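Okay, structure first, notes after.
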There are 2 protein chains.
Amino acid sequence: MAAPDTSQRILDIAERLVQTRGFNGFSYADIAQSMKVTKASLHYHFPAKADLGARLIQRYERNFLAALQGIDAATSSAPEKLRRYAAIYEDVLRDNRMCLCGMLAAEFGTLPKAMKDDMRHYFDANERWLVGVLAQGKKDKTLRFSGSAAEVAQSLVGALEGAMMIARSYADMGRFKSVADRTLASLAP
Amino acid sequence: MAAPDTSQRILDIAERLVQTRGFNGFSYADIAQSMKVTKASLHYHFPAKADLGARLIQRYERNFLAALQGIDAATSSAPEKLRRYAAIYEDVLRDNRMCLCGMLAAEFGTLPKAMKDDMRHYFDANERWLVGVLAQGKKDKTLRFSGSAAEVAQSLVGALEGAMMIARSYADMGRFKSVADRTLASLAP
DNA sequence: GTCTATAGGTGGATAGAC
DNA sequence: GTCTATCCACCTATAGAC
């Protein structure tokens with residue numbers, strides 16, 4: 001097993017920094033110190049911070065979608081899929097991180113255009129998957145809800161992101177779990 | 001009516017900046033430019049940025065609690081109180097702002113200790129008021145929910161903050177309204 | 001209270017040697 | 001690919017005149 005290449009290691013460290021401190025809350029100096037290289041080396045891999053940011057979101061979405069495919073492969077029950085979906089958020093929070101794109105949503109006003117677009121692309125993909133699960137659950141009567149699946153998907157994402165953000169400020173996992181459980185329970189038939 | 005004093009005008013401008021760009025997304029130079037004074041003048045009123053941040057949260061909480069008292073004075077119906085509570089968020093969002101403390105929750109990892117404490121104080125006060133409304137609604141059977149009022153209050157705050165944050169990224173008020181309506185409807189008896 | 005001037009630090013970014 | 005050295009813009013903050 002080769003060591004992960006430098007670009008990937010940079011992304012790993014930058015990802016954690018954005019998730020804990022925000023895109024405006026870290027600098028190349030932070031990454032350089034953590035990797036024991038100079039700032040100049042980092043600019044070889046990612047010329048501008050905006051490049052780093054965009055690549056960060058793209059990789060995050062790719063990994064997230066892979067996790068969703070993993071859920072699809074592991075279970076066919078709609079309620080169980082939603083539980084595992086919420087469990088992904090829970091794992092991120094347990095690591096004291098915020099969702100990358102939830103964090104960027106707060107900083108939206110200061111982001112380069114490309115990052116704004118990539119961020120929305122992430123939420124769109126997210127909600128498309130949820131709409132599929134919700135439609136399936138409604139069809140086989142394992143889920144019940146009023147309104148469109150798209151509206152419910154938006155509510156779910158918003159509720160989980162918001163609960164995550166606040167629970168992190170209280171360093172209280174239980175707070176997140178209780179909200180997640182309540183939210184999923186509201187879809188029980 | 002005297003013009004608002006300088007400290008208040010600084011707070012007004014800083015408040016909007018934090019709500020749109022985050023605490024790490026603006027500088028004294030931004031305020032100075034907007035007020036047509038020098039940065040040095042600002043330091044006379046708020047020696048350090050951390051002082052400004054803390055006073056910002058304290059004033060925000062005071063104003064928010066006053067708005068909640070206004071709701072209590074205007075109506076005695078629990079469901080109507082919740083609708084007006086959500087309408088406050090909606091008004092903030094319509095102005096292209098995020099909730100001040102929702103924004104700070106994202107930046108939590110980088111905030112001075114005093115600001116962290118003040119921020120949680122805001123959410124605590126917020127939830128205390130909601131718990132009162134929820135208890136009243138349960139008692140007079142105008143609201144129905146399972147679990148404790150405290151859990152529901154936390155879910156409400158999280159759902160509204162999260163929906164707000166994401167809707168702002170899409171510049172889509174409808175997105176927020178639909179989530180808020182759904183969330184309140186889930187408490188109907 | 002507000003100004004000019006400035007200190008001392010950090011930000012992102014580049015040139016050019018190795 | 002990584003380094004040293006450096007640029008310049010910007011940051012928070014202070015001293016001292018007015």
Side-chain angles (χ1 to χ4, degrees), chain A residues 2-57 59 103-104 106-116 118, chain B residues 2-57 103-104 106-107 109-116 118:
Chain A
D5 78 12
T6 309
S7 292
Q8 291 300 314
R9 292 208 302 137
I10 294 170
L11 289 172
D12 288 341
I13 292 165
E15 183 177 86
R16 157 158 250 128
L17 284 166
V18 175
Q19 289 183 274
T20 52
R21 306 179 52 88
F23 189 70
N24 295 325
F26 83 101
S27 72
Y28 273 42
D30 296 320
I31 306 175
Q33 187 171 31
S34 173
M35 288 184 67
K36 286 167 189 164
V37 294
T38 60
K39 289 189 293 170
S41 309
L42 303 178
H43 281 284
Y44 169 81
H45 297 277
F46 302 95
K49 201 183 178 188
D51 302 325
L52 173 58
R55 293 265 306 267
L56 223 34
I57 304 172
R59 191 182 71 151
M103 185 63 93
L104 296 176
E107 297 178 291
F108 190 77
T110 67
L111 298 180
K113 169 114 173 52
M115 288 183 67
K116 290 184 183 180
D118 289 343
Chain B
D5 77 12
T6 309
S7 292
Q8 291 300 314
R9 291 207 303 136
I10 294 171
L11 289 172
D12 289 340
I13 291 165
E15 184 177 85
R16 158 157 249 129
L17 284 166
V18 175
Q19 289 183 275
T20 52
R21 306 179 52 87
F23 189 71
N24 295 324
F26 83 100
S27 72
Y28 273 41
D30 296 319
I31 305 175
Q33 188 171 29
S34 174
M35 287 185 66
K36 287 167 188 162
V37 294
T38 60
K39 291 186 288 170
S41 309
L42 304 177
H43 282 284
Y44 169 81
H45 297 277
F46 302 95
K49 201 183 178 188
D51 303 325
L52 173 59
R55 293 265 306 268
L56 223 35
I57 304 172
M103 184 64 93
L104 296 176
E107 297 178 291
T110 67
L111 298 181
K113 169 117 176 46
M115 289 183 67
K116 291 184 182 179
D118 289 344

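In what follows, chains are A, B, ... by sequence order, proteins preceding strands, each numbered from 1. Quick caveat, the model's predicted, so the values are computed rather than measured.
Per the geometry, CZ belonging to B/Phe46 stands 15 Å off P belonging to D/dT14, to the nearest Å. Between B/Tyr44 atom OH and D/dA13 atom C1' the separation is 17 Å, expressed in whole Å. Look at CG on A/Leu52: it is 10 Å from P on C/dA13, rounded to the nearest Å. Put simply, NZ on A/Lys39 is 14 Å from C1' on D/dC3, counting in whole angstrom units. Protein atom CD1 of A/Ile10 is 11 Å distant from nucleotide atom P of D/dG1, rounded to whole Å. Going from atom CG of A/Leu42 over to atom P of D/dT2 covers 9 Å, rounded to whole Å. The nearest whole Å value for the distance from the CG atom in A/Leu17 to the C1' atom in C/dG12 is 16 Å. Atom CG in A/Asn24 sits about 13 Å away from atom C1' in D/dC11, given to the nearest Å.
Closest contact between the side chain of A/Ala29 and the listed nucleotides C/dG12, C/dG1, C/dG11 involves C/dG11. The B/Lys49 side chain lies nearest to D/dA13 when the options are D/dA13, C/dA13, C/dT2. Residue A/Ser27 places its side chain closer to C/dG11 than to any other of D/dG1, C/dC3, C/dG11. The B/His43 side chain lies nearest to D/dT14 when the options are D/dC11, D/dT14, C/dG12. The side chain of A/Ala40 lies closest to C/dT14 when the candidates are C/dA13, D/dT12, C/dT14.
Between A/Tyr28 and the phosphate of C/dG12, there is no side-chain N or O to OP1/OP2 separation shorter than 4.0 Å. When the side-chain nitrogen and oxygen atoms of A/Thr6 are compared with OP1 and OP2 of D/dT2, one or more of them lie within a distance under 4.0 Å. Between D/dT2 and A/His45, a contact under 4.0 Å exists linking OP1 or OP2 to a side-chain N or O.
Both tests pass for A/Lys116 against the ring of A/Phe108: distance under 6.0 Å to the centre and angle within 45° of the axis.
Within the 4.0 angstrom heavy-atom criterion, base atoms lie near A/Thr38.
Using a cutoff of 4.0 Å between basic side-chain nitrogens and carboxylate oxygens, A/Asp12 and A/Arg59 are scored as salt-bridged.
For B/Gln8, the CD atom counts as densely surrounded, since its 6.0 Å shell holds more than 12 non-hydrogen atoms of other residues, nucleotides or ligands.
Residues B/Arg21 and A/Asn24 have side chains not in contact (no heavy-atom distance under 4.5 Å, counting atoms from C-beta outward).
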